[in-house]
Amino acid sequence: MLENNILQDENHIIQERREKLTKIRQQKVAYPNHFKPKNRAFDIHKQYGDKNAEELLAVNIEVTIAGRMMLKRVMGKASFATIQDGQAQIQIYISKANIDEACYEDFKHWDIGDIIGATGKLFRTKTNELTIEVKAIELISKSLRPLPEKFHGLTDQELCYRQRYLDLIMNQASKSVFLNRSKIVQSIRESMVNSGYLEVETPMMHVIPGGATAKPFVTHHNALDMPLFLRIAPELYLKRLIVGGLDRVFEINRNFRNEGLSTRHNPEFTMLEFYESYADYHSMMSITEAILRKAAIDSIGSLTFEYQGREVDLAKKFDCLGMLEAIIKYNPQYQMCDLAKPEFLISELAKLTHQKPKTDILGLLQLELFEETTETKLWNPTFIINYPIEVSPLARHADNNSEIAERFELFVVGRELANGYSELNDPEDQAMRFKKQVMQKNAGDEEAMHYDADYVRALEYGMPPTGGCGIGIDRLVMLLTNSPSIRDVIFFPHMRSEADINS
RNA sequence: GGGUUGUUAGCUCAGUGGUAGAGCAGCUGGCUUUUAACCAGUUGGUCGCAGGUUCAAGUCCCGCACAGCCCA
């Protein structure tokens, strides 16, 4: 059955190449592991890119490279090929006059996509291209599948996502997105470590899913015969560490949410969360600004850039607005007094969404109206503060107003990028908030939180006042790499299974 | 979940109800400085899957799968 499926997408090109491979196997080790490249194309260009033909001749530099053959031009007794290694491409020149005749004949039958190694000295061609004049060349790894067409490359989005390896071979722009992703994550680590934060790892499998309002994935532990949930957020564990006295902690890791897929949602996504004792949501906003600026500089080298054709400016101090203020600022048809009336909000939301809101809780209605009318209009970075307490069950309430959480969310290009607050460290208040969540869950809200008794117990030992924040790494990478879809910044985004490959 | 567009050779794409096409890749031959090399010849198809209408379907109709975009 398996063999059947493997053969299913065989074609005559693959057949030809298998026959070539069979011949290679008869002569030598087909996939040898002895070739050691001494140079990389990027370094060669960097080091010798400014040397002219005479200078190259004078210094007589010999290099040894290995990589994938991307282009091949055979002209009788001499040929050119383009070799691509990790970072760049370089041209090689193979003349029958310079190498063994049998080897040259072999080379003529090697395919685009094959991985080869070559040694030779650098020179410039008539058209002034830096090129390696090959004196020894060998096939290192035979490629059985044809690469996409050399000019158009791979453009089918679905294939780019499903066969990312092929996308990375063919599309330098795609590779560059992922190089930037790595730089961004590295930059964030530096920001945190430089500020005295300790990088930690907390469980990915939770007995009680917590730290966010979201549907979890469920799995089962056989030996203990118990259900386990893939984590929706690390928050409650990181704050347990704050209770334990690790006073500045951060974690960059995956969260899992059992929700729909979209250009902004993948079921597993990467979050940075960080917590600092004796800090509050204002200090978290400052740190967030600093992290984003450093990440932009360290990856793309600028604080201003385009996202999907429109300028984004991270240089100016980020705007900061109350949630209700923001609604009114961007939707002047509303009055502040209206936004305190549930019946007004219900009728507005019904108009906007063409369905009756599922809740009559004031804070939830206000948040929903904000999401409907305002969120997408927040293009340049804007902190939204003064969230209703009902939608912030883990956040401290303001000292002078028990209805308002000391919480912010950061929006950029109309999307939520970060969420932080002064953490709720009053164990009795937290117990009450969990109880309210449980009531909502019992009333049918699948996303409401569970009661986490161990977390309350931890708070009962005393947690210092703490500020905490989460930043969506995938969305940050989208922003800084001008990527329209979250799938463009995740190597292997979740896809429905292919009908014919694994069935 | 709804709307919409797409799915044709390994890739990129044409295709007016009447014999399934091109370029690249592959194969054969030619060519000692090419640049998506070039020239000549040539192989390769379950037209996403399954039904229907029709003398005749890649093309029209229905359903399904997968994907893109928009909306929720």
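In what follows, chains carry the letters A, B, and so on, assigned in the order in which the sequence lines appear, proteins first and then strands, with residues in each chain numbered from 1.
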Between F408(A) and F383(A), does the ring centroid distance fall short of 6.0 Å? yes

Using OP1 and OP2 only, check whether a side-chain N or O of T353(A) sits under 4.0 Å from rA72(B). no

Name the residue from N386(A), I385(A), I389(A), L324(A) that meets the side-chain contact (heavy atoms from CB on, under 4.5 Å) definition with I404(A). N386(A)

So, OP1 or OP2 of rA25(B): does either fall under 4.0 Å of a side-chain N or O from K150(A)? yes

Would you kindly say whether T131(A) and Q91(A) are connected by a side-chain donor-acceptor distance under 3.5 Å? yes

Taking the C1' atom in each of rG10(B) and rA65(B), what is the distance between them to the nearest angstrom? 22 Å

Heavy atoms only, 4.0 Å cut-off, all strands: where does Y104(A) land among base, sugar-phosphate and nothing? nothing

Side chain of E16(A) only, please: which of rU33(B), rA67(B), rG26(B) is the nearest? rG26(B)

Write down the distance separating the C1' atoms in rG44(B) and rA20(B), rounded off to the nearest Å. 12 Å

Let me know the distance between CZ of R17(A) and C1' of rG26(B), rounded to the nearest Å. 8 Å

To the nearest angstrom, how far is M75(A) atom CE from rG29(B) atom P? 18 Å

Is it the case that D167(A) and S174(A) place a side-chain donor and acceptor less than 3.5 Å from each other? yes

In whole Å, I'd like the distance from the NZ atom of K108(A) to the P atom of rU28(B). 10 Å

Closest approach to the side chain of H12(A), judged atom by atom: which nucleotide of rG44(B), rC27(B), rC69(B) is it? rG44(B)

Taking the inter-plane angle between the rings of Y307(A) and W379(A) on a 0 to 90° scale, is it parallel (under 30°), tilted (30 to 60°) or perpendicular (over 60°)? tilted

From CE of M69(A) across to P of rA36(B) the rounded distance in Å is 17 Å

Mind checking the C1' distance from rG15(B) to rA22(B)? Whole angstroms is fine. 10 Å

The side chain of P146(A) is closest to which nucleotide in this list: rU12(B), rA25(B), rU33(B)? rA25(B)

I'd like the C1' distance from rC27(B) over to rC61(B), given in whole Å. 43 Å

Does rG68(B) have its OP1 or OP2 closer than 4.0 Å to a side-chain nitrogen or oxygen of R487(A)? yes

Phosphate-side-chain proximity, K20(A) and rC27(B), N/O vs OP1/OP2 below 4.0 Å: yes

Quick one: is R73(A) getting a side-chain N or O under 4.0 Å of the rU34(B) phosphate, OP1 or OP2? no

Do the rings of F370(A) and Y387(A) sit parallel, tilted or perpendicular, given the 30° and 60° boundaries? perpendicular

How many angstroms lie between CD in Q87(A) and CG in L179(A), if you round to the nearest 0.5 Å? 8.0 Å

What's the gap between rG3(B) and rU43(B) when it is taken at their C1' atoms, as a whole Å value? 44 Å

Provide, to the nearest angstrom, the distance between the CZ atom belonging to R496(A) and the P atom belonging to rG48(B). 20 Å

Span that lies between the P atom of rG51(B) and that of rA14(B), in whole angstrom: 28 Å

T82(A) side-chain N/O to rU34(B) phosphate OP1/OP2 under 4.0 Å: no

Can a donor-acceptor pair under 3.5 Å be found between the side-chain atoms of E129(A) and the base atoms of rU33(B)? no

Between atom CD in E133(A) and atom P in rU32(B), what is the gap in whole Å? 16 Å

Nearest-Å distance, CD (E105(A)) to P (rC31(B))? 11 Å

Between rC38(B) atom C1' and F80(A) atom CZ, what is the distance in whole Å? 14 Å

Expressed as a whole number of Å, how far does the P atom of rG41(B) sit from that of rU46(B)? 27 Å

Just to be sure I understand the rule, does G113(A) reach a base, reach only the sugar-phosphate, or reach nothing, if contact means heavy atoms closer than 4.0 Å? nothing

Kindly indicate whether the side chain of T125(A) and the base of rU34(B) share any N or O donor-acceptor pair separated by less than 3.5 Å? yes

Rounded C1' spacing from rG6(B) to rC47(B) in Å: 14 Å

